[in-house]
Amino acid sequence: QTLVTHSHVGAIVFTQSITASFLICARDPCPPGIQITSSADDFYNPFPDRQPFHRYNKYTIPAIQNEIAWALGEAEMDTEKLLVEVTRGQYCDLQTGTESLRAPFDEMVKFRTSFNEKFKPIADADVVMFTLGLAECWYDNVAGVYLNHFPGVKTIKTNPDRFHLHVLDYDEIYKGL
């Protein structure tokens with residue numbers, strides 16, 4: 001059986017009744033007996049001083065929808081529009097981190113590709129568990145997607161018309177689920 005979760009707590013809850021063959025684990029270490037496929041050994045990480053595992057945390061329903069649709073090929077991800085230049089020649093991916101996680105464009109494209117690959121096994125999962133987070137979502141007018149993170153004060157000041165805050169109502173959250 002397969003369990004996909006972005007919550008360490010969720011993994012603990014299910015370990016007594018489900019043997020997981022795949023797990024996206026947001027925290028390391030995961031419970032004993034769980035195979036962690038989102039390991040540093042095969043995950044491209046342009047941030048050598050930071051571990052990428054917590055990048056799986058998704059805080060809004062639209063951000064969860066984006067990641068799954070991109071990973072499964074159900075929606076086209078426009079990487080050039082999604083990545084934001086935060087300083088000259090340095091880009092960030094506001095779906096996976098804040099403006100502090102930056103690297104050259106080509107490195108961020110490789111990181112995003114590796115990240116999407118880690119979400120693909122969700123299609124084979126027996127159980128998918130999400131912990132619902134924020135109703136407040138930042139929308140990127142250029143990329144045409146809701147973000148997972150606050151863009152950052154500097155990024156908003158540099159791109160004043162690019163981002164806006166949207167508070168999801170009950171119906172929007174329900175429909176997203």
Salt-bridge present (Glu117, Lys120; N to O < 4.0 Å): yes

Donor-acceptor pair, Glu67 side chain versus Asn116 backbone, under 3.5 Å? no

Whether the side chain of Asn141 engages the backbone of Asp161 through a donor-acceptor N/O pair (distance < 3.5 Å, no angle test) should be reported. yes

Rounded to the nearest 0.5 Å, what separates atom CG in Leu168 from atom SG in Cys137? 3.5 Å

Distance-minimising heavy-atom pair for Leu83 and Phe105: CD1-CE1, 3.6 Å

Working to the nearest 0.5 Å, report the span between OG1 of Thr113 and CE of Met108. 10.5 Å

Can you see whether His166 engages Tyr146 through a side-chain donor-acceptor pair at a distance of less than 3.5 angstrom? yes

When you look at Gln95 and Phe115, which way does the side chain to side chain contact (heavy atoms under 4.5 Å, CB included) test go after all the steps? CA-CA 10 Å; Gln95 289 292 328; Phe115 191 88; over 6 Å; no

Among Arg102, Arg112, Lys110, which one satisfies salt bridge (Lys or Arg N to Asp or Glu O under 4.0 Å) with Asp93? Arg112

Just by modelled atom types, is the Gly89 backbone N or O under 3.5 Å from a matching donor or acceptor in the Glu85 side chain? yes

Ring pair (Phe, Tyr, Trp, His ring centres under 6.0 Å) between Phe163 and Trp138, intermediate numbers included: CA-CA 6 Å; Phe163 306 102; Trp138 283 89; 7.3 Å; no

Point-to-point distance, once rounded to the nearest 0.5 Å, from OH of Tyr59 to CG of Leu147: 13.5 Å

Give a yes or no answer on whether the side chain of Asp169 reaches the backbone of Glu172 with a donor-acceptor pair at less than 3.5 Å. yes

